[in-house]
Amino acid sequence: MKRISLFIFLITVSLINVFAALPINVYGRDYRFLNGRWDAIVDLYDQGERMKVFENRRPEGASDFYEYSFDGGLRLEVPGDWNSQSHELKYYEGTIWYGRHFDAEPKSEKREILYFGAVSYRCNVYLNGKLIGSHEGGFTPFGFDVTDYLKSGDNFLTVEVNNRRTADAIPALAFDWWNYGGITRDVMLVSVPDNYVDDYFIRLRKGTPDIIDIDMKMSRPEAGIKMAVEIPELNKRFEAVTDGEGRVSGSLKVNNLRRWAPDAPVVYDVIVSGGADRVEEEIGFRNIDVDGTRILINGKPQFMRCISFHEEIPQRMGRAFSKADATMLLGEASDLGVNMIRLAHYPQNEYTVRMAEKMGILLWQEIPIWQGIDFTDEHTREKAKTMLTEMISRDKNRCAVGFWGIANETKPSPERNDFLLSLLETGKGLDSTRLYAAAFDLVEFDRNRGVFTMDDPFTDNLDVVGVNKYMGWYHPWPVSPDKAVWDVVPNKPLIISEFGGEALYGQSGSRDVVSSWSEDYQARLYEDNLRMMENIPNLAGVSPWILFDFRSPFRFHPSNQEGWNRKGLVSDRGERKKAWYIMHDFYQKKRSEK
């Protein structure tokens with residue numbers, strides 16, 4: 001079959017390989033990192049395939065020469081984005097080839113899985129000159145079984161990466177964050193038994209405080225394999241043998257279970273085994289439900305004190321990728337007083353998710369269905385379903401994840417509605433224990449009624465509705481904040497998922513003039529919005545936009561933005577603006593009210 005180019009990428013070619021070869025929880029297994037400095041070639045005109053860069057050819061005779069070579073050229077850190085590693089690549093969108101050598105010693109009783117935490121945005125992966133698979137989507141993990149491609153001794157791995165924006169991509173052509181390209185998360189070689197534990201889902205049954213449901217699967221559809229889940233601290237063990245599809249299902253009754261909550265982040269050591277395979281995990285158990293307009297954690301109402309951040313270290317002007325990066329981002333969020341984070345607008349690094357769980361921070365994770373998506377394109381729909389599947393598959397055992405987000409700021413249409421309904425069907429087929437949410441920017445002021453309203457019937461399908469509304473920034477006040485009454489999805493929990501405005505740190509100006517770009521105006525804007533929110537009867541949470549100033553080519557103001565979205569409560573240098581203290585005090589008050 002003729003190889004498909006990156007520009008006309010056909011994701012269905014690789015999906016079978018991806019899902020068949022990616023065991024869950026690679027960090028709990030026997031692995032080695034392939035991180036570090038990789039050789040790289042910038043392929044501006046996409047000639048690398050024709051020149052067979054992936055073969056890493058070298059001259060052998062006096063008349064041999066090759067124009068494309070990894071030797072003696074650019075080197076890039078992996079994981080990492082290329083934009084922050086070279087001034088010449090700051091705005092680069094296109095193809096870069098990565099290459100590196102590594103040693104291996106294949107064993108007959110083992111399978112070797114090549115794992116990528118994420119590559120932005122699409123890639124083709126070659127091992128020892130052979131194409132082993134492809135992937136599209138810049139924020140979810142994938143992997144390939146490379147057992148039959150490995151050689152004893154030296155091996156050469158090549159990854160063709162392309163981050164060019166296209167109309168059929170997710171996100172599409174225009175989005176308000178930096179289009180970082182590169183191998184942006186860990187690369188690992190994971191060693192597993194010939195028949196290994198491919199998947200497991202261990203969670204508290206919805207609506208019960210003491211029943212743990214268990215689903216497990218071996219990598220081969222073979223009956224009679226013994227599988228087990230052990231929770232030593234609870235002195236509990238579940239055992240069963242696989243059916244003809246290699247699957248096991250069952251449950252455990254646990255009377256003395258301590259449930260995870262934002263103020264009590266309890267996790268248990270869990271051992272999952274099947275055949276010759278053994279996986280070590282840490283899992284927390286909690287219930288999350290909706291009761292009318294309230295969000296319940298373990299049966300108790302919780303107001304969501306939330307913040308959003310991008311997967312970016314502003315001081316480094318680059319993609320976040322490490323435990324240290326997760327510590328910085330989550331530490332600043334924790335200091336604000338949050339019990340929840342909306343990971344905007346895409347699945348973020350697994351380090352962030354696991355660390356948030358240990359810190360007791362609930363998470364809203366979403367896929368980047370953000371404006372501009374072609375809802376009429378069937379291939380785009382399949383990509384979205386794949387991204388949702390990859391996100392849920394990676395993090396379904398993370399009890400900190402309470403919300404799966406399926407869209408942000410989309411407009412009603414039959415095609416949009418059908419597209420999002422298919423995502424809900426896909427998600428709930430994988431995980432029905434969490435709440436499904438989306439954020440909308442459709443709230444308008446009805447002058448006849450004197451209230452804020454929103455007309456989008458799709459909200460009936462969701463557990464929780466988010467609203468992005470920038471009163472005092474993009475929208476002037478139609479009435480004073482204290483008289484701004486809301487009538488939006490009155491029978492559901494409503495989270496103000498975005499609000500705020502831009503300010504340049506250290507800039508003083510009028511509290512009454514939007515164009516001052518001042519901390520003073522931003523602070524006043526926050527005070528006004530919080531006053532307005534007192535008039536939202538079904539308000540279940542608040543999430544300002546955003547924790548840090550973040551990079552965006554959308555933002556052109558030559559002196560106040562300079563390529564940054566300045567809506568952060570914290571500047572790009574880590575300095576807290578006046579509005580940070582307003583939200584901190586508000587969250588302290590909300591915490592004391594429970």
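Start at 1 with the first residue, then count along the sequence.
For the residue pair Ser552/Arg566, the side-chain donor-acceptor check at 3.5 Å is not satisfied. Using a 3.5 Å distance cut-off with no hydrogens or angles, the side chains of Thr147 and Glu112 do not pair a donor with an acceptor. Side chain to side chain, Asn124 and Ser134 meet the donor-acceptor criterion of an N or O pair below 3.5 Å. Side chain to side chain, Tyr180 and Glu312 meet the donor-acceptor criterion of an N or O pair below 3.5 Å. Between the side chains of Thr380 and Asp374, no donor-acceptor pair of N or O atoms lies under 3.5 Å. Side chains of Tyr92 and Asn163: no donor on one and acceptor on the other come within 3.5 Å. Judged purely by distance below 3.5 Å, without hydrogens or angles, the side chains of Glu93 and Asn179 pair a donor atom with an acceptor atom. Between the side chains of Tyr470 and Glu498, at least one donor N or O lies within less than 3.5 Å of an accepting N or O. Looking at His557 and Glu562, their side chains never bring a donor and an acceptor atom within 3.5 Å of each other. Under 3.5 Å, the side chains of Asp186 and Asn35 contain a donor-acceptor pair of N or O atoms. Judged purely by distance below 3.5 Å, without hydrogens or angles, the side chains of Thr459 and Asp456 never pair a donor atom with an acceptor atom.
Taking the six-membered ring where the residue is Trp, the centroids of Phe142 and Phe144 are separated by under 6.0 Å. Between Tyr66 and Tyr68, the ring center distance fails the sub-6.0 Å criterion. Taking the six-membered ring where the residue is Trp, the centroids of Trp82 and Trp38 are separated by 6.0 Å or more.
Phe499 does not carry Lys567 over the face of its six-membered ring by the limits of under 6.0 Å from the centre and within 45° of the normal. Cation-pi check for Lys396 over Phe201 is met; the charged atom lies under 6.0 angstrom from the ring centroid and within 45 degrees of its normal.
Ion pairing between Lys385 and Glu382 holds under the 4.0 Å rule for side-chain N and carboxylate O.
Looking at every heavy atom in both residues, Gly568 comes nearest to Gln522 through O-NE2, 3.5 Å. A pairwise comparison of heavy atoms in Gly466 and Ser497 identifies C-OG, 3.3 Å as the closest pair. Considering every non-hydrogen atom in both Asn560 and Gln507, the closest pair reads OD1-NE2, 3.2 Å. In terms of heavy atoms, Met391 sits closest to Thr140 at N-CG2, 4.0 Å. Between Val161 and Ser120 the shortest heavy-atom distance is CG1-O, 3.2 Å. Listed here is the closest heavy atom pair of Ser322 and Tyr351: C-CD1, 3.9 Å.
Within the model, atoms NZ of Lys383 and CD1 of Ile373 stand 9.5 Å from one another, a figure rounded to the nearest 0.5 Å.
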Determine all donor-acceptor pairs shorter than 3.5 Å in which one atom belongs to a side chain in residues 404-412; sequence neighbours excluded.
residue, atom, partner, partner atom, Å
Trp404, NE1, Asp431, OD2, 2.9
Asn408, OD1, Arg342, NH2, 2.8
Asn408, OD1, Asn468, ND2, 3.0
Glu409, OE1, Gln371, NE2, 2.5
Glu409, OE2, Asn468, ND2, 3.0
Thr410, OG1, Arg416, NH1, 3.0
Lys411, NZ, Asp441, OD1, 3.4

Yes or no on salt bridge (Lys or Arg N to Asp or Glu O under 4.0 Å) for Asp71 and Arg58, after CA distance, side-chain angles and deciding distance?
CA-CA 9 Å; Asp71 295 340; Arg58 289 178 169 82; 3.2 Å; yes
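Partner of Trp177 under the ring-ring contact (aromatic ring centres under 6.0 Å, His included) criterion, chosen from Trp370, Phe548, Trp564: Trp370.
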